[in-house]
Amino acid sequence: RMERARAAVEAAGLPTHEVQHCEGSAEVLGWEILSEGIVRPKPSRAWRVILSIDWMLSQPKVNIADLDKLIGHCTFIGLISRPSLACLSSVYVFIAHHRHRVGPHSLWKSVRDELITFKGLIPMFEAVLTLDVNPTVMAVDASQWGHGAVQQSFDPALVSETIRHNDRWRFARHHELEVLR
């Protein structure tokens, strides 16, 4: 299936990287994938983000474009441990508030605190892909005005089947889906 998708992409004139098969551990796009089923940022990537946060915190005033770029990197590595992204709420507000204002800006105390907290979490970012499926499913949503969460227990087989479903189809055009079938 993957080979058919790669061939279709190549046929459309988009070159792909060579395919690498590995046994054991691998490194892909700044991630370590260990043979034990653990995925985590490569140490070099993690340190680059940690040191960038330190640099940002050392500045009396920051350029919003620089902070925005740093938060993009934080978000990328934070996706492996999604709850970590919750500690960046003031940072997101700060960027939105200053995005169209000229000049560098002093970071709010709450932004500094959140960056320090996030930096401290980075060494713990990993996902264990070999864990059993938890039959308790939760859904959450939040906004600046409130939040909500619900949970329900299901048959583990149903949960396993559901989490294997790729819902990115919602964002693809119909003909692109045909390539993957």
Side-chain angles (χ1 to χ4, degrees), residues 5-6 9-10 12-18 26-33 38-129 138-151 163 166-177 179-180:
R6 188 201 61 76
V9 169
E10 292 266 346
L14 299 169
T16 61
H17 293 285
E18 64 282 351
E27 292 183 0
V28 178
L29 299 173
W31 296 97
E32 290 182 333
I33 304 170
I38 296 172
V39 178
R40 63 183 178 210
K42 284 176 50 178
S44 59
R45 177 183 286 261
W47 275 109
R48 206 167 22 251
V49 174
I50 289 169
L51 294 173
S52 295
I53 290 172
D54 283 343
W55 178 85
M56 190 69 61
L57 292 169
S58 74
Q59 302 304 301
K61 293 188 175 194
V62 302
N63 181 311
I64 295 305
D66 292 340
L67 179 60
D68 201 15
K69 185 174 182 178
L70 172 60
I71 295 307
H73 289 285
C74 290
T75 301
F76 182 74
I77 66 168
L79 285 173
I80 202 73
S81 184
R82 291 185 66 152
S84 68
L85 299 176
C87 74
L88 297 174
S89 60
S90 290
V91 177
Y92 298 133
V93 171
F94 180 85
I95 291 170
H97 180 74
H98 291 88
R99 176 158 281 138
H100 301 294
R101 297 177 187 217
V102 178
H105 305 279
S106 298
L107 293 175
W108 300 337
K109 181 184 182 320
S110 58
V111 171
R112 291 182 165 283
D113 292 345
E114 288 178 359
L115 289 172
I116 291 167
T117 300
F118 188 87
K119 181 180 86 163
L121 294 172
I122 292 172
M124 296 182 277
F125 288 176
E126 68 178 28
V128 182
L129 303 179
M138 298 182 74
V140 298
D141 197 9
S143 71
Q144 294 177 343
W145 303 277
H147 60 275
V150 296
Q151 75 177 34
I163 63 174
N166 182 345
D167 69 349
R168 282 186 259 174
W169 63 269
R170 296 179 295 152
F171 307 105
R173 291 187 295 270
H174 180 69
H175 71 278
E176 292 170 335
L177 290 174
V179 169
L180 298 176

Stepwise, does the side-chain contact (heavy atoms from CB on, under 4.5 Å) test hold for W47 with I50?
CA-CA 5 Å; W47 275 109; I50 289 169; 4.0 Å; yes

Separation between [atom1] of [X] and [atom2] of [Y], rounded to the nearest 0.5 Å:
X: S52; Y: H73; atom1: OG; atom2: NE2; result: 7.5 Å
X: W55; Y: L70; atom1: CH2; atom2: CG; result: 9.5 Å
X: C74; Y: I122; atom1: SG; atom2: CD1; result: 5.5 Å
X: S44; Y: E27; atom1: OG; atom2: CD; result: 7.5 Å

Within a strict 4.5 Å, meaning less than it, do heavy atoms of the [X] and [Y] side chains meet?
X: L107; Y: L67; result: yes
X: L121; Y: L85; result: no
X: V91; Y: F94; result: no
X: Y92; Y: T75; result: yes

For [X] versus [Y], what's the shortest heavy-atom pair and its separation?
X: F125; Y: R40; answer: O-CB, 3.4 Å
X: E114; Y: L88; answer: OE1-C, 3.1 Å
X: R112; Y: L57; answer: NH1-O, 2.8 Å
X: K119; Y: P123; answer: O-CD, 3.6 Å
X: V111; Y: S90; answer: CG2-O, 3.6 Å
X: E32; Y: P43; answer: OE2-CD, 3.3 Å

Are I77 and S84 close enough, and set up right, to give a side-chain contact (heavy atoms from CB on, under 4.5 Å), and what steps lead you there?
CA-CA 10 Å; I77 66 168; S84 68; over 6 Å; no

Return the set of residues passing salt bridge (Lys or Arg N to Asp or Glu O under 4.0 Å) with R99 (not counting sequence neighbours), or none when no residue passes.
D68

Set of salt bridge (Lys or Arg N to Asp or Glu O under 4.0 Å) partners for K69, sequence neighbours left out
none

What residues form a side chain to side chain contact (heavy atoms under 4.5 Å, CB included) with K61, not counting sequence neighbours?
P104, S106

So does L29 have more than 12 non-hydrogen atoms from other groups sitting under 6.0 Å from CG?
no

Please check if the side chain of H97 supplies one atom and the backbone of V93 the other of a donor-acceptor pair under 3.5 Å.
no

